[in-house]
Amino acid sequence: MHAIAYLSPFSNTENPYIARQHALLGQLGYEVRPLSIGSILRGRCAGLGRTGNVVMVHWLENRLFRKGRSERGLSARGLAEFALYSIALGVSRARVVYFVHDHAVHDVAPRLRRFSVAAIRWLRWLSDARVVHDPTFAERYDAAYLPHPLYDEPVPALADTCHESPAFTAMGAIRPYKALHELLESWPTGVRLSIAGKGDPAYVELLRGIVRDRGLEGSVSIDARFLSDEEFAEQLSAHDVLVLPHLEGANLVSGAFFAGVGRARLVLARDTPFIGWARQRIPGVFGFSAGSALTTQVEDLVRRWPELSKIDGTSEAVAEFGEAACLDAYGRFLGVHGRAPSVAARREPSVEG
């Protein structure tokens, strides 16, 4: 009988992360099935009662909050769903693995941030094992480090040709936690920047107002719409530097980093613990602080472009986050040939967030 890996969520239209999880688990010998409200209520999760199976849980805390708002409040339906999932995970004899992606849920109303942190803490306690994609937080969250898969593994090295001066782009969801407003407040005049991705309308209008007020119309563009995988790849290949200005403390790692590293010539990201770790391993990764430090960093990259344009971190990115590295790490974590280790003892809740 094949071991089963229950995956929650089972699909994600925003980026290829869950699809990459499907592929990895399948290659490790698991039969991948959904863990969803429907599958639980229809009795399709009987495999939760077998110790040889595994449950992989991602972003379950997000269900507690309403979708599609720049300041998210609680959802009554989400509270009920979260409770049902918690019961299912609590009684499961299959090994429950919770992936800690964020320190707190993105863009929740300030009064609810502590509640979102508590929900993450609850899921950490409820699980048998925790996983982080940032090794610097493995000890804090009592978690194993597993590499975040590259979204589209770059096979060829970066082309030798590039723009005479660097073209910058910020891609992905245009939401407040990305801190694009801070980016635009400090962006140097005359340096090309393209912002592209599905956006919260009120936040997009705020960004357009900053562009107007600072007279950046000639160098900064905002394309507020969802990009298909093909459009994302085209946008990335048309630029030299991927900019990731996410608010510090929002998430452990940025998914966009794994879409761009090894494919964009340079990655310029807010200086988080993960970026500091990545800078030591992959050429072309740079960190910045907010405010005038960002302006100075961007201007320095422009000045040094003749030198920096020769950087190619493709092989290093693949070595750290490519398919072979992920299969090896996930295989060792889950057990040889996809056989999960025995269930670990439940832990008492910790007090830190």
Item to check | Audit row: E231, R225, salt bridge (charged side-chain N to carboxylate O under 4.0 Å, His left out) steps and yes/no | outcome: CA-CA 11 Å; E231 289 174 316; R225 62 184 179 85; 3.0 Å; yes

Between [X] and [Y], does at least one N-O distance fall below 4.0 Å, as a salt bridge requires?
X: R121; Y: E61; result: no
X: R124; Y: D142; result: no
X: R208; Y: E217; result: no
X: D107; Y: R72; result: no
X: D312; Y: R265; result: no
X: R303; Y: E299; result: no

Checklist entry - Under 4.5 Å between any side-chain heavy atoms of D128 and V97, yes or no? => result no

Item to check | Side chains of Q235 and M171 in contact at under 4.5 Å (non-hydrogen atoms) | outcome: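 A side-chain contact exists here, since the closest heavy-atom pair is under 4.5 Å.
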
Aromatic ring proximity, centroids under 6.0 angstrom, [Y] and [X]:
X: H148; Y: F257; value: no
X: H22; Y: Y30; value: no
X: F137; Y: H103; value: yes
X: F258; Y: F274; value: yes

Distance-only polar pair, side chains of [X] and [Y], donor-acceptor under 3.5 Å:
X: R130; Y: S127; value: yes
X: Q21; Y: Y330; value: yes
X: H181; Y: Y203; value: yes

Checklist entry - Would you find a donor on one side and an acceptor on the other, under 3.5 Å apart, between the side chain of W305 and the backbone of S309? => result no

Next on the checklist: Assigning hydrophobic clusters by single linkage (Ile, Leu, Val, Met, Phe, Trp, Tyr; side-chain heavy-atom cutoff under 4.5 Å), is L183 placed with L247?
Outcome noted: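 Unlinked, L183 and L247 end up in two clusters.
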
